[in-house]
Asker: 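Sharing a structure, written as structure tokens. Questions coming.
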Amino acid sequence: MDLGLKGKTALVMAASRGFGRAVAMELAAEGAKVALCARNSDDLATTAEDVREAGQMAWGGMSGSVLARTLDVTDDIAVRDFISLTETELGPVDMMLVNAGGPPAGNFDDMDLKAWRQAYELTFESAVRLCRLVLPGMKQRGWGRIVQITSVSVVQPVENLMLSSVLRPAVQALTKALSDEAAAFGVTVNSVAPGFHNTSAVQRLIAKKMEQTGCTAEDVVSGWTDEIPAGRLGEPEELAALILFLMSQRAGYLTGQCIVSDGGWVKKTF
Ligand code: NAD
């Protein structure tokens, strides 16, 4: 299936690892120009090189179509500069993946007001900022795709993830409300809600659970997979494939949706 993404410009936030990285790789393989960023420079250069190679392997001669910057999505000036640079070097943004690290795990008693404020800035305010900066141009040009990564916590609260369970539904509401305003301009806004996937974030969650409970990593994982009909964790590339479809030309009539990717874990009829 031709997704129609060749030559288009994509902004992929929080992309040195995990879902962001997988999406950047898939976009490059489809011939898109990719601007990616991450909070730490650790893996970013390697990821940028891999993304460049994926583009070259698929299309040849695509060098220069990848841009990578270290920044925090909560840093207003850095995000604005990154978007300006992307527009100058790669062209106006056609697709955007709104993504960031998740807010810290913990229960209500673990969270003071400072933790709530920081989680709001990381999870909700950063999404609003990105949409404010990118959506007007998409509307003006009459085409655009915005996809936000949330979590199954938009559908039901997840144990020990209090901040995510409260703030992610607000991001989902933003997706829905924005899609209503943007659809007439040829811009779609959707979100994906992952369950457990095999990324470094989940590896950290496993380590924390092992510390709290004294269980082995296998025990922690089987505690989850026993309740997942697919019987396994998802792979980041599986979520990336869904995101790529939502960003494609083909998905022009699909907007305001939240698509859960969780191996059947959440039991909800509709
Ligand atoms: P990951 O830890 O594997 O990768 C996170 C990426 O985000 C890294 O590149 C990191 O540098 C970057 N990042 C983190 N905080 C940032 C910030 N403030 N500014 C800029 N970059 C930042 O994580 P992942 O599993 O890919 O998770 C991505 C999102 O999906 C998170 O919000 C996470 O909570 C959510 N999520 C993940 C799962 C899962 O099973 N992996 C499930 C549900 C939701």
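No hydrogens, no waters, no symmetry mates; every other heavy atom, side chains included, goes into these values. All ligand and atom numbering here is 1-based and tracks the order in the structure.
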Asker: Is the shortest side-chain N to carboxylate O distance from Asp76 to Arg80 below 4.0 Å?
Answerer: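 Between Arg80 and Asp76 there is a salt bridge, with a charged N closer than 4.0 Å to a carboxylate O.
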Asker: If the cut-off is 4.0 Å to any non-hydrogen atom of Leu122, which atoms of ligand 1 fall inside it?
Answerer: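 Those qualifying, in numeric order: 18 (N).
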Asker: May I ask you to list the atoms of ligand 1 that are less than 4.0 angstrom from any heavy atom of Asn99?
Answerer: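 Listed by number with element: 28 (C), 29 (C).
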Asker: Using a strict cut-off of 4.0 Å, indicate which atoms of ligand 1 neighbour a heavy atom of Ala201.
Answerer: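 It comes down to these atoms of ligand 1: 1 (P), 2 (O), 3 (O), 23 (O), 24 (P), 25 (O).
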Asker: When rounded to the nearest 0.5 angstrom, what is the spacing between CG in Leu130 and CE in Met13?
Answerer: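 One finds 4.5 Å between CG of Leu130 and CE of Met13.
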Asker: Describe, in one word, how the ring planes of Phe19 and His197 are oriented to each other, choosing from parallel (under 30°), tilted (30 to 60°) and perpendicular (over 60°).
Answerer: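 Plane angle over 60°, so perpendicular.
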Asker: Less than 3.5 Å between some nitrogen or oxygen of Arg204 and one of ligand 1, yes or no?
Answerer: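 Yes.
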Asker: To the nearest 0.1 Å, how far is atom 14 (C) of ligand 1 from its closest protein heavy atom, and which atom is that?
Answerer: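 Atom 14 (C) of ligand 1 sits closest to the protein heavy atom Gly101 N, 3.2 Å.
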Asker: State whether the side chain of Arg39 and the backbone N or O of Val73 hold a donor-acceptor pair below 3.5 Å, judged by distance alone.
Answerer: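 No.
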Asker: Nearest protein heavy-atom contact for atom 19 (N) of ligand 1: which residue, which atom, what distance?
Answerer: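 Among all protein heavy atoms, the one nearest atom 19 (N) of ligand 1 is Val73 N, 2.9 Å.
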Asker: Are Asn198 and Gln203 close enough, and set up right, to give a side-chain hydrogen bond (donor to acceptor under 3.5 Å, both in side chains), and what steps lead you there?
Answerer: CA-CA 7 Å; Asn198 197 8; Gln203 293 306 324; 3.1 Å; yes
Asker: Considering only residues two or more places apart or on different chains, which pairs with a residue in residues 214-235 satisfy salt bridge (charged side-chain N to carboxylate O under 4.0 Å, His left out)?
Answerer: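 Listed by first then second residue: Arg232-Glu238.
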Asker: Enumerate the atoms of ligand 1 whose separation from the nearest heavy atom of Arg168 is less than 4.0 angstrom.
Answerer: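 Checking each atom against Arg168, I get 31 (C), 32 (O), 33 (C), 34 (O), 35 (C).
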Asker: Less than 4.0 angstrom from a charged side-chain N to a carboxylate O is my criterion; do Glu49 and Arg52 meet it?
Answerer: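 Salt bridge flag = yes for Arg52 with Glu49.
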Asker: Which atoms of ligand 1 are found less than 4.0 Å from any heavy atom of Ala38?
Answerer: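 Counting from 1, the qualifying ligand atoms are 9 (O), 11 (O), 20 (C), 21 (N).
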Asker: Distance check, rounded to the nearest 0.5 Å: Asp81 atom CG versus Thr88 atom OG1?
Answerer: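 Rounded to the nearest 0.5 Å, the CG-OG1 separation comes to 10.5 Å.
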Asker: How far is atom 24 (P) of ligand 1 from its nearest protein heavy atom, and which residue and atom name does that atom have?
Answerer: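 Its nearest protein heavy-atom neighbour is Thr199 OG1, 3.7 Å.
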Asker: CE of Met138 to CG of Asp94: how many Å apart, nearest 0.5 Å?
Answerer: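 Here the rounded value is 7.0 Å.
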Asker: Does an N or O from Pro103, backbone or side chain, lie closer than 3.5 Å to an N or O of ligand 1?
Answerer: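 Not met; the criterion fails.
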Asker: State the CD-CG distance between Glu30 and Asp2, to the nearest 0.5 angstrom.
Answerer: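 It comes to 7.5 Å.
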Asker: Yes or no: does Gly195 have any heavy atom under 4.0 Å from an atom of ligand 1?
Answerer: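 Under 4.0 Å: yes for Gly195.
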Asker: Does some non-hydrogen atom of the protein lie less than 4.0 angstrom from atom 43 (C) of ligand 1?
Answerer: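 Within 4.0 Å: yes, protein heavy atom nearby.
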Asker: Report yes or no: does Asp72 have a heavy atom closer than 4.0 Å to ligand 1?
Answerer: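 Under 4.0 Å: yes for Asp72.
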Asker: Return the closest protein heavy atom for atom 1 (P) of ligand 1 as residue, atom name and distance.
Answerer: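 The answer is Ser200 OG, 3.3 Å.
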Asker: Can you name the atoms of ligand 1, numbered from 1 with element, that are less than 4.0 Å from a heavy atom of Ile149?
Answerer: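 Once the distances to Ile149 are compared, the set is 30 (O).
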Asker: Identify the closest protein heavy atom to atom 21 (N) of ligand 1: which residue and atom is it, and at what distance?
Answerer: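 Of every protein heavy atom, Arg39 N, 3.1 Å lies nearest to atom 21 (N) of ligand 1.
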Asker: Counting each atom of ligand 1 from 1 as listed, which ones have a heavy atom of Leu71 under 4.0 Å away?
Answerer: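 Answer for ligand 1: 19 (N), 20 (C).
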Asker: Given Ser191, which of Gln148, Gln257, Gln172 fulfils the side chain to side chain donor-acceptor pair (under 3.5 Å) condition?
Answerer: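 Of all the options given, the one that passes is Gln172.
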Asker: Once you restrict to heavy atoms under 4.0 Å, what part of Pro194 touches ligand 1? Side chain, backbone, both or neither.
Answerer: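 Both the backbone and the side chain of Pro194 come within reach of ligand 1.
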Asker: What I want to find out is whether Arg129 reaches Glu125 closely enough, with some N-O distance under 4.0 Å, to be called a salt bridge.
Answerer: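 Between Glu125 and Arg129 there is a salt bridge, with a charged N closer than 4.0 Å to a carboxylate O.
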Asker: At a 4.0 Å threshold, what atoms of ligand 1 neighbour a non-hydrogen atom of Gly102?
Answerer: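 Result: 31 (C), 32 (O), 33 (C), 34 (O).
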Asker: Nearest to atom 40 (O) of ligand 1, what protein heavy atom do you find, and at what distance?
Answerer: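 Minimum-distance protein heavy atom for atom 40 (O) of ligand 1 reads His197 N, 2.7 Å.
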Asker: Working to the nearest 0.5 Å, report the span between CG of Leu67 and CD of Glu89.
Answerer: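 Going from CG on Leu67 over to CD on Glu89, the span is 5.5 Å.
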Asker: Taking the side chain as every heavy atom from C-beta outward, state whether Asn190 and Ile259 have any atom pair closer than 4.5 Å.
Answerer: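 No, side chains not in contact.
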Asker: Please work out which of Ser153, Ser16, Gly18, Ser261 has its closest non-hydrogen atom nearest to atom 11 (O) of ligand 1.
Answerer: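 It is Ser16 whose heavy atom sits nearest to atom 11 (O) of ligand 1.
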Asker: Starting from atom 26 (O) of ligand 1, what is the nearest protein heavy atom, named by residue and atom, and what distance separates them?
Answerer: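 So the nearest neighbour among protein heavy atoms is Phe19 N, 2.9 Å.
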Asker: For Gly20, is at least one N or O under 3.5 Å away from an N or O on ligand 1?
Answerer: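 Min N/O separation from ligand 1 is not below 3.5 Å for Gly20.
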Asker: Looking at atom 12 (C) of ligand 1, what's its closest protein heavy atom, distance included?
Answerer: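 In this structure, atom 12 (C) of ligand 1 has Ala14 CB, 3.6 Å as its nearest protein heavy atom.
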Asker: Does Arg21 come within less than 4.0 Å of Asp50, counting only side-chain N to carboxylate O?
Answerer: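 Salt bridge: yes.
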Asker: Determine whether any heavy atom of Thr150 lies closer than 4.0 Å to an atom of ligand 1.
Answerer: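 Checking ligand 1 against Thr150, which is what was asked, there is a heavy-atom contact under 4.0 Å.
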